Amino acid sequence: MRSISIFGATGSIGESTFDLIQRAGGPAAYRTVAVTGARNVARLAEMARELRAEVAVTADEALLPDLRAALAGSGVEAAAGAAALAEAADRPADWVMSGIVGAAGLVPGMRALRHGRTLALANKESLVTAGPLLMATAAAHGATILPVDSEHSAVFQALTGEDAGAVERVIITASGGPFRDWPLERLARATVAEAKAHPNWSMGNRISIDSASMFNKALELIETREFFGFPPEMIEVLVHPQSIVHALVGFRDGGVMAHLGPADMRHAIGFALHWPDRGHIPVERLDLARLGSLSFEAPDDRRFPALRLAREVMALRGLAGAAFNAAKEIALDHFMAGGIGFLDMAAVVEDTLERLSAEVALTSPVGTLEDVLAMDHLARTRAGELALKRKEGGRAWN
Ligand code: NDP
């Protein structure tokens, strides 16, 4: 029986993974080693009981008593804190879902790779912050990373059986989010509730807002570069409001392979779960005749500066990805708390990169995990200062 662990089990990716495992028979089909969460310990305990997990870990140490109480009599171990999360990643499991949101997903993922595990990587922040290190760690320990982001799973599937040397371009699609048609003046006043309302996908709040600002696509550009190794000029973004075509790969003979599927993350998660086989996945089947038409348009970098910033970060490489991601996470925190406006998020990230490039060498290679964590910390501090300055400047709208 295969053993699995789910990091970020209580989130949107975690719930979809749980659903697939349960539909396959739950504990009768898979042995669950660890499930992890942060604030939602009630749901974490419920999942741990249903999957008969060895251990349940909350990232929040203050919630350990609640988790213990919720697990009483279940035989599931309870643990809490960053060290416990890392320890959970050391426990032997054949397949590990990396579904934590943000840079917090990096350390558990790295730990799992060091043990040669198969890591289903939803946590794109790991590749953005420490791509070269993550890929080198996987190679050194015979581990496998399978992309779970729908676009990257699509590229992976389009490349299967192909010669990577014959690839001319890779196109990842973006829905354009809820603000695709909004004029700039209205975008400046966009609220958190409006930004969270993704037209096609049901996802966690943070990635939903990142989709509205295109920061999610910006992270995915960098993710594509780091995971597949294609140079930035070969990677394009195409706005496709229906979210049916997830990515396209163009070859030197002019042929283009596209991957299509409904907007349901269980497809990409299930693909990674069953890989290298194709298992039965309970997602809605495409009905193109009913859909009638699919549309595509070029992204507008002026309205979505995140894409331009991602190109600058890809040109810098090194520790710039860690700085970019950390600044983005802090800008998002401030937007969600009502401190800064929607368009201020990109301004805070841009100002942070500018400030940091005067202070440190952003192009320094990603040598160790400690280098990445130090840059992450510094960028969070600077971004926090710059966001507060903007707030004090009275530019908040929410
Ligand atoms: P959610 O916000 O729905 O869930 C995040 C998960 O991480 C929860 O289990 C949460 O716990 C846990 N968590 C939050 N903060 C911490 C922390 N500091 N330390 C440890 N665990 C923490 O996110 P999503 O599921 O939407 O996204 C997860 C990852 O997958 C992200 O990297 C995202 O970019 C990526 N992704 C998501 C997609 C989607 O459809 N949702 C699509 C493609 C990629 P709790 O809820 O208990 O607080």
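Remember, it's a predicted structure, so these values are computed and weren't measured experimentally. Both ligands and their constituent atoms are indexed starting at 1 by order of listing.
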(request) Looking only at protein heavy atoms, identify the closest one to atom 48 (O) of ligand 1 and say how far it is in Å. (result) Arg39 N, 2.8 Å
(message) Yes or no: does Gly14 have any heavy atom under 4.0 Å from an atom of ligand 1?
(response) no
(request) Could you list which atoms of ligand 1 come closer than 4.0 Å to a heavy atom of Ala104? (result) 17 (C), 18 (N), 19 (N)
(message) Side chains of Met135 and Glu226, heavy atoms from C-beta outward: is any pair under 4.5 Å?
(response) no
(message) If we set the cut-off at 4.0 Å for heavy atoms, which region of Ser12 has an atom near ligand 1: side chain, backbone, both, or neither?
(response) both
(request) Write out the residue and atom name of the closest protein heavy atom to atom 26 (O) of ligand 1, then the distance separating them to 0.1 Å. (result) Gly204 N, 3.0 Å
(request) Could you check Arg111, Arg117, Arg114 and say which one makes a salt bridge (Lys or Arg N to Asp or Glu O under 4.0 Å) with Asp90? (result) Arg111
(request) Show which atoms of ligand 1 fall inside a sub-4.0 Å distance from at least one heavy-atom site of Asn40. (result) 45 (P), 47 (O), 48 (O)
(request) Nearest 0.5 Å please: distance from the OG1 atom of Thr191 over to the CZ atom of Phe342. (result) 10.0 Å
(message) Under a 4.0 angstrom heavy-atom cut-off, which atoms of ligand 1 come close to Asp149?
(response) 43 (C), 44 (C)
(message) Only heavy atoms of Ala59, strictly under 4.0 Å: list the atoms of ligand 1 that pass.
(response) 19 (N), 20 (C)
(message) To check your reading of the model: name the closest protein heavy atom to atom 36 (N) of ligand 1, its residue, and the distance in Å.
(response) Ile207 CD1, 3.6 Å
(request) Look at atom 5 (C) of ligand 1 and say which protein heavy atom is nearest, naming residue and atom and giving the distance to 0.1 Å. (result) Val101 CG1, 3.6 Å
(message) Let me confirm one number: the CG-CZ distance from Leu343 to Arg186, rounded to the nearest 0.5 Å.
(response) 13.0 Å
(message) As an exercise, state the distance from OG of Ser98 to CD1 of Ile6, rounded to the nearest 0.5 Å.
(response) 12.0 Å
(message) So Glu329 and Glu125, do their side chains get closer than 4.5 Å, heavy atoms only?
(response) yes
(message) To check you understand the geometry: which heavy-atom pair defines the closest contact between Ser243 and Asn200, and what is its length?
(response) OG-ND2, 2.7 Å
(message) For atom 28 (C) of ligand 1, what is the closest protein heavy atom, and at what distance to 0.1 Å?
(response) Gly99 O, 3.2 Å
(message) Keeping Gln242 on the side-chain end and Ser295 on the backbone end, is there a donor-acceptor pair under 3.5 Å?
(response) yes
(request) Starting from atom 4 (O) of ligand 1, find the nearest protein heavy-atom neighbour and note its residue, name and distance. (result) Gly11 CA, 3.1 Å
(message) Only heavy atoms of Met203, strictly under 4.0 Å: list the atoms of ligand 1 that pass.
(response) 39 (C), 40 (O), 41 (N)
(message) Could you measure the distance from the NE2 atom of His152 to the CG atom of Leu146? Nearest 0.5 Å is fine.
(response) 14.0 Å
(request) May I ask you to identify the nearest protein heavy atom to atom 13 (N) of ligand 1, giving residue, atom name and distance to one decimal place in Å? (result) Ala38 CB, 3.7 Å
(message) Which option wins on minimum heavy-atom distance to atom 45 (P) of ligand 1: Thr58, Thr10, Asp264, Asp210?
(response) Thr10
(request) Could you check atom 34 (O) of ligand 1 against the protein and tell me its nearest heavy-atom contact, residue, atom and distance included? (result) Lys124 CE, 3.1 Å
(request) Sorted by first residue and then second, give each salt bridge (charged side-chain N to carboxylate O under 4.0 Å, His left out) pair with at least one member in residues 246-265; sequence neighbours left out. (result) Asp264-Arg266
(request) Compute the centroid of each ring, for Phe335 and then for Phe215, and state whether the two points are separated by less than 6.0 Å. (result) no
(message) Taking 4.0 Å as the limit for heavy-atom contacts, which would you say applies to Met265 with ligand 1: side chain only, backbone only, both, or neither?
(response) side chain
(message) Once you restrict to heavy atoms under 4.0 Å, what part of Glu125 touches ligand 1? Side chain, backbone, both or neither.
(response) side chain
(message) Are Phe304 and Phe179 an aromatic pair, judged by ring center distance below 6.0 Å?
(response) no
(request) Only heavy atoms count here, so choose which of Ile100, Val148, Ile13 is nearest to atom 31 (C) of ligand 1. (result) Ile100
(request) Mark up the atoms of ligand 1 that fall under 4.0 Å of a heavy atom belonging to Ala122, in ascending order. (result) 30 (O), 32 (O), 35 (C), 36 (N), 44 (C)
(message) In this structure, is the centre-to-centre distance between the rings of Trp201 and His267 below 6.0 Å?
(response) no
(request) Below 4.0 angstrom from a heavy atom of Asn123, which ligand 1 atoms are there? Numbered from 1 as shown, please. (result) 32 (O)
